Amino acid sequence: MQQLSRRRFLALGVGATAVLTAAYAGLRQLGSYPELEGEFEHLTPKTAAIFAVVGDFLFPDDSVLPGRGGDVDTLLLIDRLLGEVNPQMRIMLLALPLAFEHGTALDRFGARAMTDLTAERRDEYLESWSRATDTTSAQLWLAMKTVFGLTYMDRLDVARAMGLAPICRGS
Amino acid sequence: MSWYLQPPGDFEDKAKVVIVGSGAGGAMAACTLAEAGIEVIVVEEGLAYSREKLGLCDAIMDLYAEAGHRISTGTPSLPVAGGKALGGSTIVNSGLCFRTPRTTLDEWNDLSDGAFADVDAYYATQDAVEEVMRVVDTPDGLLSGNDKAHRDAARKLGWAEGNIRRNTPTCSGCGQCNNGCPVGGKYSVDRELLPRAVKAGARVYIGCRVEAMERGQIYGKLVDGGKFSISGDVIVLSAGSIGTPRLLLDSGLVQHKHNVGAGLRLQPVISTIAYLPGRRIWTPGATQGHFIDEFVDEGILYETNPTIPGGFSALPGHGSDWCGVLSNAGSCAATGGLIRDQTDGRVLRSRGSGANIHYDMIDADRVRLLASLRHAARLWFDGAGAEWVFLGLHGAPLCRSVAEVDEIASPDTPASRIITYSSHPQSSCGIGRATDSTGQLLEVDDVYCIDASALPSNVGRNPQISVMTVSRILAERLAERLGGSHKPLTASS
């Protein structure tokens, strides 16, 4: 059997470590997601879980606004919104949560996907999105908030709690 | 029985004139031509609006083009709103009716080799349009809390201001114009112009999306499945400043090099939201009832902005503290600075399913939008004692003084940070550029553009009444060409 040179041994070792690390990170990023409650046409368990996490971060259940941003009513509204936009836009809107889920790899949060982080780390991670000053991150953050602006914030109970209940004096 | 038709399955039809789109331009063209004795078919992609709907979410998904997600490429990228319903954008606009400024009309005549050279006749037509559309000043009693805060602040500063004229004769002050008026108080074109066209013999098809055209023929699909084709001696495109050039380019009937789709103006708007503690801003009244014209020389017009829950999602923050800020939305006033832009945008051939709109804002417009933020800060801080002001800039905090706004919205702020939107795309098939003085395409006979796309440049104000005026004039010219005798435009009793 041919003996490995020291250089080749080191190269193989570094290569194998890199492959294993990447595989580990990839597996952690793949994650697993709970089955959806309710009938969804466009949201997958993964995209729904991501929207739910961000929704709860924006509108937690202990706030003065009713419900929470990640509840099933809001997710159903997001699903409906996805059904109404054109296919191109749908792809973009479904890619949006993925940027948040896997953006951890570009931050200091490493291998774990966002939904796999502890609650504290997840809040810390999303906090960094909310404070982003670079234009791309700020635009993605605003896009995400706008999704909830068109869904959660348009719920009648939420509009009322904001002091913006529809007013009609009759015809 | 409805006055419009929703075909249950495949169909073919023909008429002398086929009009694609039933908004401000298409409805006016249909009424004018039908009453001149010309056989007309109107084809509308959207459906008839159900007045039971109230929520913004429903409205955006059902009544807006591309479910409200039509956006431009370029910097800054901006949403470009448009209606998709029987009645087009008149169903979802705030019913604002500004007359065409004389300076704009003069510019149009320069650009179009005098298409509207008889200025008196133009304004006489506009008078008639206003009468038919039931345009009146918003009475003080219909000003919302937002309008009153806007007015009081402007008056305190001594700025030129006024109540906006609107086509909302039986408005009950719901503030829901943009969701489709839930009480029928807005006199959108489905109230008179389209029914008048039908009474004069026109046929109006809804739920019919036109996907291709050639000279004398349009083809498309029904929203509920099935397909249709309609032939006509003349095709009139009234699908708006995005839809009209898009159809022409996607069908290969014209090439972009022939100026179809070029010269698009988006007339961007930038919002500021101001927290006025202790004031009730969310009160019954007009969706948008007050304007400020102090900065018209800078190309900036301020209008009270519709206060909608989702509009607050851009405020910085998250979590319980943020929700606390949002719970004060009923005490927040909003204004929108609408600029008369000079940027030449483009509608291009579609790539995929959405419209392909390109708009790279030129420096003069960027500077204008930023100036409009700084003026608005003065309005709210100096005129109304605001506690904080939110600016339409990515990454901006809630500002607590004019000095802070001057720093954050400084003239060197890049366009990529600006959060703006468009509700008034115009002039993408402008007369003098892509069409002649009758609205006929320069390169294809018997195809006309009669809608906002035909405006030689942008109005600089909400264009509804200008679009109707130009459409009436172009439709009269077409009626004469086809041997019809158009009747004077008068309001029905």
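A note on names: the letters A, B, ... follow the listed sequences, proteins ahead of strands, and every chain is numbered from 1. Every heavy atom of this structure was used, including side-chain atoms; hydrogens, water molecules and symmetry mates were not. Everything quoted here is computed from the prediction, not taken from an experiment.
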Checking heavy atoms, do the side chain of [X], its backbone, both or neither come under 4.5 Å from chain A?
X	result
B:Ile281	neither
B:Ile418	neither
B:Pro414	neither

Please tell me if the side chains of B:Ile308 and A:Leu164 come closer than 4.5 Å, counting only heavy atoms from C-beta onward. no
Could you tell me the separation between the [atom1] atom of [X] and the [atom2] atom of [Y], rounded to the nearest 0.5 Å?
X	Y	atom1	atom2	answer
A:Asp154	B:Asn179	CG	CG	7.5 Å
A:Met162	B:Ser331	CE	OG	12.0 Å
B:Met61	A:Arg80	CE	CZ	4.5 Å

At a heavy-atom separation under 4.5 Å, does A:Phe148 approach chain B through its side chain, its backbone, both, or neither? neither
Where on A:Leu93 is there a heavy atom nearer than 4.5 Å to chain B: the side chain, the backbone, both, or neither? side chain
Looking only at non-hydrogen atoms, find the nearest pair between B:Ser313 and A:Lys145 and report the distance. O-CE, 3.0 Å
For the student: nearest non-hydrogen atoms of B:Gly354 and A:Asn86, plus distance: CA-ND2, 3.6 Å
Pairs involving residues 70-83 of chain B, ordered by first then second residue, that meet salt bridge (Lys or Arg N to Asp or Glu O under 4.0 Å) (sequence neighbours left out): none
Neighbour count >12 (heavy atoms, 6.0 Å) for atom CD, B:Glu211: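 Yes.
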Chain A shares the most heavy-atom pairs under 4.5 Å, among B:Arg417, B:Arg280, B:His394, with B:His394
Only heavy atoms, only distances under 4.5 angstrom. Which residues in residues 72-81 of chain B are near chain A? none
Of all the residues in residues 319-329 of chain B, which have a heavy atom that comes within less than 4.5 Å of a heavy atom in chain A?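 B:Gly319, B:Ser320, B:Trp322, B:Cys323, B:Gly324, B:Leu326, B:Ser327, B:Asn328, B:Ala329 fall under the 4.5 Å cut-off.
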Can you list the residues of residues 133-143 of chain A that sit under 4.5 Å from chain B, counting heavy atoms only? A:Thr135, A:Ala138, A:Gln139, A:Leu142
Do you see a donor-acceptor pair shorter than 3.5 Å between the side chains of B:His69 and A:Glu84?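 A:Glu84 and B:His69 do not have a side-chain donor-acceptor pair below 3.5 Å.
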Looking only at heavy atoms and a cut-off of under 4.5 Å, which of A:Pro87, A:Gly69, A:Ala159 has the most pairs with chain B?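 Result: the option with the highest number of such pairs is A:Pro87.
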